[in-house]
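Okay, structure first, notes after.
Every number for a ligand or one of its atoms is a count from 1 in the order of the listing.
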Amino acid sequence: MTFRWLWLLVVTIAFFPFAQCTNEKVKTGDIYHGNYKRRVKRDFVWNSMTIEEEQKTALPHFVGQLQANETNKDVAKFAIDGEGANTTFKVNEENGEIYCFEMLDREKKAQYRLSAILVNKYTGKTLGPKSIFTIRVRDINDNAPIFTKNIYNASVPEMSPTGTLVTTVTALDADDPTLAGHAKVAYQITKGQDHFTINNMGSIYTAVPYLDREEKATYEITVEARDVPGQKNGHTSTATIMIHLIDINDNFPTFIKDKFTFNVYENLRVMGEVGRLQVVDIDEPQNRNTKYVFGSEKLQEIFEIRTNAQSNEGIFVLKKALDFESVKQYKMNIQAIDPSIVLAVAKHHRPKSNAEVIINVLDVDEPPVFKMSPYKFEIKEDTKLNKIVGSVFAEDPDEAKNSVRYSLRNPKDNFFIISNKGDIIVDKPLDRETNNWHNLTVAAEEIDPKSTMKKESLVPIFIKVLDVNDNAPEFAERYAARVCENAPPGKVIIRISAVDKDEMTPGAKFTYYSAEKENNFTVQDNKSIVYYSPAKHDYVW
Ligand SMILES: *[C@@H]1O[C@H](CO)[C@@H](O)[C@H](O)[C@H]1NC(C)=O
Ligand SMILES: *[C@@H]1O[C@H](CO)[C@@H](O)[C@H](O)[C@H]1NC(C)=O
Ligand SMILES: *[C@@H]1O[C@H](CO)[C@@H](O)[C@H](O)[C@H]1NC(C)=O
Ligand SMILES: *[C@@H]1O[C@H](CO)[C@@H](O)[C@H](O)[C@H]1NC(C)=O
Ligand SMILES: *[C@@H]1O[C@H](CO)[C@@H](O)[C@H](O)[C@H]1NC(C)=O
Ligand SMILES: CC(=O)N[C@H]1CO[C@H](CO)[C@@H](O)[C@@H]1O
Ligand SMILES: [Ca+2]
């Protein structure tokens, strides 16, 4: 190539506070980048021009100027090619001034790559190689930091110590991070700073140690993010942080009243419910864990208090049967405690957690009660008629003390009758050998003129008939003895034995003798041992 060109790239950085001013020219091959005198402030950038984004003034905006040196000046005209050439950016063919015809946004496109060309305005031939340059869009701080969410949801346990991390929020700024402060974000709490703090990283901490869920369960705080920290003209945005306090067990249960009174019938079954003790525990249900403690251990044998898992109520149940006639009222002190409470932060160290419990036992109209059960009597079989075998006794346990009527409940066994006083009387001759037991049932019925309801109790009676020796012994069999006519004296002819239906006392024995005076035979007592044959009910010698 015979033509050599000098190009001057002139860059203006108007109104930019950090711009530096210099007159330096840099030679690179055949192309020179020089300053341009039209603007007050100038800058030289290697192969590049700069234009500020978001300029609100009338279009087009001057960007810079290409220059041909003196040699080429008269024959050359200017042209550009590349990104935005001839549309966004246009060059004045004559003087090389480049103008921008759009308002640029650095956050959309931060730089444009272009090339400059010199053309012979007569021949149309390109003069020399094209020269690459860039137009850089200079950031203005036009973006506010933006939070990643509008509303954050966070939580922290109540009563946490000061400085407990709650959550971290982030705001991002689209501006050029290389320009001081444009994309830097500082955080501050604008609402809720009494209770929370935030650091430069957006981490939120508790500022006090007494955040109490039972006083206020949710805090709504506002955090502001600001760029160009320290400058008044920074941009800001805000976010809301909902901070939920997580419940801990820090409240004692307290009784809803000082005194509970229960009225309960004496015939309540064991393990039946006597009544319920109600407490208030303002913690959340999972942190209510009431246990009920008896003031004195004695009554724990009679009552038990179980905690209802859902309602936290104390359910009084009966462990032993009540009796109105012996104890009409129980009084006791019950304490409500919570073994799993976090004592270090618990609010009321002397809670109202004691209550007096009064249990009134109510009378139930009960049937007569026999003095004993069963009754056992013994009677000799030869007892005369109308004799008393024994007496039963039943009385009304209630305060009314109504009288009692007795009756026998054995239609088949009619040897006895019972008197109004409960005496059992022999009504028919007894015989042990026919009936050695009379097992009867006596009914006692309360005579209550005020009630039509039948109140009756039954008791079993065992009457044993005792033996009397009223039966003669009998020979065990009919004997037909034989003896030879010339039998010598002393010869045993026959052995005889006897049985008796009566009960024999051990050691008792039969006496054998000859019923008639007889000289020719003698009966001799063998004196053998008595043995008892239970199967036969008789005794054999
Ligand atoms: C102009 O450019 C041509 C070609 O590059 C060169 O030969 C000439 O010396 C330059 N003239 C001046 C005054 O710089
Ligand atoms: C812009 O115009 C010049 C001269 O007319 C031409 O050489 C170049 O290719 C054009 N570029 C674009 C992107 O239109
Ligand atoms: C925030 O958390 C609370 C409790 O965990 C929940 O009830 C609520 O729905 C949450 N809200 C959002 C927007 O996530
Ligand atoms: C009566 O009771 C006695 C003692 O319990 C028993 O030995 C006897 O077998 C009973 N008799 C009848 C007939 O139930
Ligand atoms: C009595 O009887 C037993 C058994 O029948 C017999 O062994 C015994 O010798 C007899 N005694 C006399 C003194 O006869
Ligand atoms: C009752 C009876 O038979 N007695 C007789 C016993 O033996 C003498 C003779 O040894 C007789 O004379 C009796 O008659
Ligand atoms: Ca709590």
Side-chain angles (χ1 to χ4, degrees), residues 1 3 5 7 9 31 47-49 51 59-68 72-73 75-102 104 108-109 111-137 370 372-381 383 389-390 392 408-416 418 424 426-443 458-467 503 532 534-537:
M1 296 296 281
F3 294 100
W5 306 93
W7 294 5
L9 297 182
I31 301 166
N47 277 355
S48 82
M49 299 178 186
I51 179 172
L59 292 168
H61 299 132
F62 178 74
V63 182
Q65 189 174 22
L66 302 172
Q67 275 191 352
N72 303 317
K73 209 174 164 183
V75 291
K77 66 172 183 180
F78 297 93
I80 55 170
D81 199 3
E83 292 176 325
N86 308 332
T87 52
T88 306
F89 302 105
K90 289 180 183 169
V91 66
N92 184 318
E93 288 186 356
E94 297 302 324
N95 62 15
E97 284 181 348
I98 296 174
Y99 285 88
C100 178
F101 284 79
E102 275 175 32
L104 300 181
K108 271 191 199 144
K109 189 162 172 62
Q111 73 174 30
Y112 297 82
R113 277 175 65 85
L114 294 142
S115 51
I117 316 155
L118 270 181
V119 182
N120 186 311
K121 57 179 159 190
Y122 304 111
T123 64
K125 283 183 74 180
T126 305
L127 302 172
K130 56 185 179 181
S131 176
I132 306 291
F133 70 103
T134 58
I135 296 176
R136 303 206 314 169
V137 184
F370 280 97
M372 58 188 280
S373 174
Y375 284 90
K376 278 183 179 162
F377 301 119
E378 290 184 341
I379 184 167
K380 287 188 170 176
E381 57 180 326
T383 304
V389 178
V392 298
L408 279 165
R409 284 295 159 81
N410 297 76
K412 281 180 193 160
D413 191 338
N414 55 3
F415 287 84
F416 304 92
I418 191 162
I424 293 161
V426 182
D427 197 40
K428 281 184 181 171
L430 303 173
D431 181 20
R432 187 198 72 91
E433 284 70 38
T434 338
N435 227 339
N436 60 339
W437 282 100
H438 293 273
N439 298 347
L440 308 175
T441 301
V442 172
L458 302 175
V459 75
I461 295 180
F462 302 103
I463 301 173
K464 185 180 183 185
V465 181
L466 298 179
D467 191 38
E503 239 173 84
Y532 174 62
K536 280 198 201 158
H537 281 265

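For atom 2 (O) of ligand 4, the nearest non-hydrogen atom of the protein is N439 ND2, 2.4 Å. Distance from atom 9 (O) of ligand 4 to its nearest protein heavy atom, with residue and atom name: W437 CD1, 4.6 Å. Atom 4 (C) of ligand 2 has A79 CB, 3.8 Å as its closest protein atom, hydrogens excluded (heavy atom only). Looking at atom 7 (O) of ligand 2, its nearest protein heavy atom turns out to be I117 CD1, 4.5 Å. When only non-hydrogen protein atoms are considered, atom 12 (C) of ligand 2 lies nearest to N86 ND2, 2.9 Å. In terms of protein heavy-atom proximity, atom 13 (C) of ligand 2 is closest to D81 OD1, 3.2 Å.
Only the backbone of I80 comes within contact range of ligand 2, with a heavy atom under 4.0 Å; no side-chain atom does.
A donor-acceptor distance shorter than 3.5 angstrom exists from the side chain of E381 to the backbone of R432, with no hydrogens or angles considered. Looking at Q65, its side chain does come within 3.5 Å of a backbone N or O of N95 through a donor-acceptor pair.
Taking each heavy atom of K130 and S115 in turn, the nearest pair found is CD-OG, 3.8 Å.
A salt bridge links K109 and E83; the closest N-O separation between the charged side-chain nitrogens and carboxylate oxygens is under 4.0 Å.
Among the candidates T134, V137, V63, I51, the single residue satisfying the side-chain contact (heavy atoms from CB on, under 4.5 Å) test with Y112 is V137. Tested against H438, the residues F416, Y375, F377 include a single ring-ring contact (aromatic ring centres under 6.0 Å, His included) partner, F416.
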